[in-house]
There are 4 protein chains.
Amino acid sequence: MKKSAAFPAVATGPASTRRRRKEARPQELLVAALDLFVERGFKATRSEDVAARAGVSKGTLYLYYPSKEELLKAVVRENLGALINEGTDIVGGFEGDTRELLALLMHTWWERIGNTPASGIFKVILTEMGNFPDFAAFYMDEVISPGRALFTRVLQRGIDAGELRPVNLFETVHLLIFPMLMMCLHRHSLGPCHLPMRELDPHSFIDTHVDIVVNGARQPAPVAATKRTLNRKTA
Amino acid sequence: MKKSAAFPAVATGPASTRRRRKEARPQELLVAALDLFVERGFKATRSEDVAARAGVSKGTLYLYYPSKEELLKAVVRENLGALINEGTDIVGGFEGDTRELLALLMHTWWERIGNTPASGIFKVILTEMGNFPDFAAFYMDEVISPGRALFTRVLQRGIDAGELRPVNLFETVHLLIFPMLMMCLHRHSLGPCHLPMRELDPHSFIDTHVDIVVNGARQPAPVAATKRTLNRKTA
Amino acid sequence: MKKSAAFPAVATGPASTRRRRKEARPQELLVAALDLFVERGFKATRSEDVAARAGVSKGTLYLYYPSKEELLKAVVRENLGALINEGTDIVGGFEGDTRELLALLMHTWWERIGNTPASGIFKVILTEMGNFPDFAAFYMDEVISPGRALFTRVLQRGIDAGELRPVNLFETVHLLIFPMLMMCLHRHSLGPCHLPMRELDPHSFIDTHVDIVVNGARQPAPVAATKRTLNRKTA
Amino acid sequence: MKKSAAFPAVATGPASTRRRRKEARPQELLVAALDLFVERGFKATRSEDVAARAGVSKGTLYLYYPSKEELLKAVVRENLGALINEGTDIVGGFEGDTRELLALLMHTWWERIGNTPASGIFKVILTEMGNFPDFAAFYMDEVISPGRALFTRVLQRGIDAGELRPVNLFETVHLLIFPMLMMCLHRHSLGPCHLPMRELDPHSFIDTHVDIVVNGARQPAPVAATKRTLNRKTA
DNA sequence: AATGAATGAGTGTTCATTCAT
DNA sequence: GATGAATGAACACTCATTCAT
């Protein structure tokens, strides 16, 4: 063993290389799997490729995850867990107006999630929710509900302060969230194609996004909204 | 098409069911394929299932499309083509303010596309763009560019009329489009899961969406936007 | 087509080669599977080898049997079904003494089963019963129970006729059956090894077997049986 | 063996558990392997399960046996060796009639072999003889030949004493042996299935078995055996 | 044109075996 | 010696594609 006999077991650290690798394996496999699932899709990703990208053999993957499906579930759990928590802390003690708070939330979230590989999880979830019904409830509980709650709280705070008019909270929350999600999806669809297209700058877009939505929801409603004229089924 | 030009469609009479079915085959196969590709993903959809849903045998599918890949491409071509055209007509002769025009565009688009099976094409494109690089250019040319142009034109029209302030057109266009796309994606991911969740009403959401964005972009900018404070990499 | 056009469809028979092959496939696969399962064991037999021996590809096997397990079950059903029926007919109208009847039963059974590939089914059943609990009940109902009943009936007939003394029917039945089964098992274990060993002649062995057992059960019991002396647990 | 010859087994005292375990390892592994090979079959038994049942790790198994095949061979050698020896001693000095001698042999053999895990070896041999041709010669030399010789000697003794008529020795020997083997096989096939079936009591069955066979072979042959009537191939 | 039986390359998963610790 | 993490060959099963009918 490499463990020095001169020092007692206390604080000796992670011990042998073998041991250290073993402890890191699950993480390494999850990272590799996320990348490939996002890039190629779950079905189109071969388990052997996941293993190879993690630097191990096919068999080793199965020492840690009993099937490709379970690997996917672990990837989802791993990457959805951290999505919301930070936001709650930010909102907690914030002093400032709604625009500043929303901008802070969005920029932070983008740096923590949107601009990292974890952002790919939305593509995976979107694609596989139909094939893995578990994901729906999981996603609802872990992401949608807390996410909605967080933004609802922010908007309500603005209304209570007289800053915003009493907009439809539920719809406005989604108006805030949807563009952020689309930016994540874009990063893993058109983005990697390197087309000669003009691209959004995420942070600039976030600023514009927040500005316009907050302004649009500000007191007083600038103009009476005339009703739309298209006839359609009112399902 | 094999249909003889000598006989107009009118007064053709019963036209043997056999013949009519045969001519409808490619369409029926595309419809079946879209449904299944959207629902299960491209890789996870078996060609035989597509054929079965279209009411033909496995072999027949290959009479019309030489491979599953080509079938996918046909599905994408078929469904992306119709996405934009109608919009241009609407904008052409419209008289009314920006909010009304945008609302009309969005509601129409939702009824024509979002609320039909064709909306699933966005999920397919999103998922498969990585595996089929052709799609990127195709999607760019057929959807993104014309779509951006259409909404840019509408916004520019509002600015020119003094109705809107000179917002960042590029970003605002995406702010308008992204929530619509998310509604489409939702219809084919969480939507079918029938969770006990509160759901957006599409048309109501569109109204709120258009109201807030248009109001947020209206003259004059209600408040000076203070800059965001989070320190971050300016990539 | 091979079908002669000179004769109308009526009574034309099984039609095309394709069709004829399809109808024969299940049988051909069962025969191939029995051979290989007997020879190598179930686990040690590769499905591809079964297919190859039946002259088809791996995939074709799965058109007819959804898994290797189901193939095994079909093999067992196929080969156990016919095991007993003939015996009952023989016993029905037989006139003659017990020895003659038993000899007829055994020789017939040997020719119909023991001396055919079907005899291997006993090896398979023996080996796999532990892994496929279904087989136990199936084998009990389809083979053991009717087999016991058949031989019990024959012995009872001999006792009723005063030919045999009232031996323990249950045990004597097994004394009759067991050596027959061992001959089957031998055919598929040591038999194929072609050792320079003296081999039993099945029919001669059956004669000796029946002679000795019937004589041993004949009236009157020749000698009083003294009890065995070894001390042992009487569980 | 690594056991030092300098210290006799007697008075070695507690002899570290470690040491004792180490010396017992091969035996423990053979016992575990026999159990599993009998229960599940050779191919279907995982080496790791053998190791686990013996209370050691996978790697340790390979310290003692270089492959799963060699382990099987060791299991067979180990368990076939002891099958015959005791019988010879019994026959040697026995005074009494043939029935008593056979009954003693059979009951003893049942207690020593049939009623112990070693009886499972017959199932293994039967199953694997095809895959391991070595076994055939080994089994022939170690079991069949000595077994035949033993029973032949007993029958010849009875004939010489005028107790039995000059039956076909070779066939009668197998008539004696086969039911015993079937009881062993039964113990490891149908037996563990716990079906609601009537079961043979081994010792009672042995008594009936020996009684009937010895009576059937006794002087004089009670009836002239008429020949069988079924026409069949005389292969 | 339409069928569906047949194919075989491809992939998820297992497990005997090795070897660094 | 003992361990158990790691390997990769092997195998069950799938499915896009072909082609005889």
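Side-chain atoms are counted along with the backbone in the values below, which use heavy atoms only and exclude waters and symmetry mates.
- Where A:E48 and C:L63 meet DNA chain E, the nucleotide closest to each residue was compared, and C:L63 sits on the side nearer the 5' end.
- Taking only side-chain atoms of B:K68, from C-beta outward, the nucleotide of F:dA2, F:dT7, F:dT17 with the closest atom is F:dT17.
- B:F135 has its side chain out of reach of B:L80: every pair of non-hydrogen atoms, C-beta onward, lies at least 4.5 Å apart.
- B:D49 has its CG atom 14 Å from the P atom of F:dT17, to the nearest Å.
- Remark: C:K68 qualifies as a cation-pi partner of C:F42 under the 6.0 Å distance and 45° angle criteria applied to the six-membered ring.
- Counting only Watson-Crick and G-U wobble pairs whose two key distances fall under 3.5 Å, DNA chain F forms stems of three or more stacked pairs at E:2-21 with F:2-21.
- To the nearest 0.5 Å, atom CG of residue D:D134 and atom CE of residue D:M129 are 11.0 Å apart.
- Checked by atom type and distance alone, the side chain of C:D49 never pairs as donor or acceptor with a backbone atom of C:T45 at under 3.5 Å.
- Protein atom OH of C:Y65 is 17 Å distant from nucleotide atom P of F:dA12, rounded to whole Å.
- For B:R25 against B:T60, the heavy-atom pair with the smallest separation is NH1-CG2, 4.4 Å.
- One atom, CG of A:L29, and another, C1' of E:dG12, lie 16 Å apart when rounded to the nearest Å.
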Protein-nucleotides 8-10 of chain F N/O pairs under 3.5 Å:
{"from": "F:dA10", "atom 1": "N6", "to": "A:K58", "atom 2": "NZ", "distance (Å)": "3.1"}

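- The phosphate of F:dA2 (OP1 or OP2) has a side-chain N or O of D:R25 nearer than 4.0 angstrom.
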Self-check item: Criterion side chain to side chain contact (heavy atoms under 4.5 Å, CB included) on B:V124 and B:L72, from CA distance to verdict
Solution: CA-CA 9 Å; B:V124 175; B:L72 173 61; 3.7 Å; yes
Quiz prompt | Test side chain to side chain contact (heavy atoms under 4.5 Å, CB included) applied to C:F37 and C:L71, step by step | solution = CA-CA 10 Å; C:F37 290 165; C:L71 175 61; 4.0 Å; yes
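- The backbone N or O of B:G41 lies less than 3.5 Å from no partner atom in the side chain of A:K43, so there is not a single donor-acceptor pair.
- Looking at heavy-atom distances under 4.0 Å, C:Y64 makes contact with sugar-phosphate atoms alone, never a base.
- What you find for C:H188 and C:K123 is that their closest heavy atoms are O-NZ, 3.0 Å.
- Note: CG (D:L36) to P (E:dC15) measures 13 Å, nearest angstrom.
- For C:Y62, the side-chain atoms get nearest to F:dT14 when compared with the rest of F:dA16, F:dT3, F:dT14.
- The CD-C1' distance, from C:E70 to F:dA12, rounds to 14 Å in whole Å.
- Each of A:L61 and C:S47 was assigned the nucleotide of DNA chain F with the nearest heavy atom; the assignment lying further toward the 5' end belongs to A:L61.
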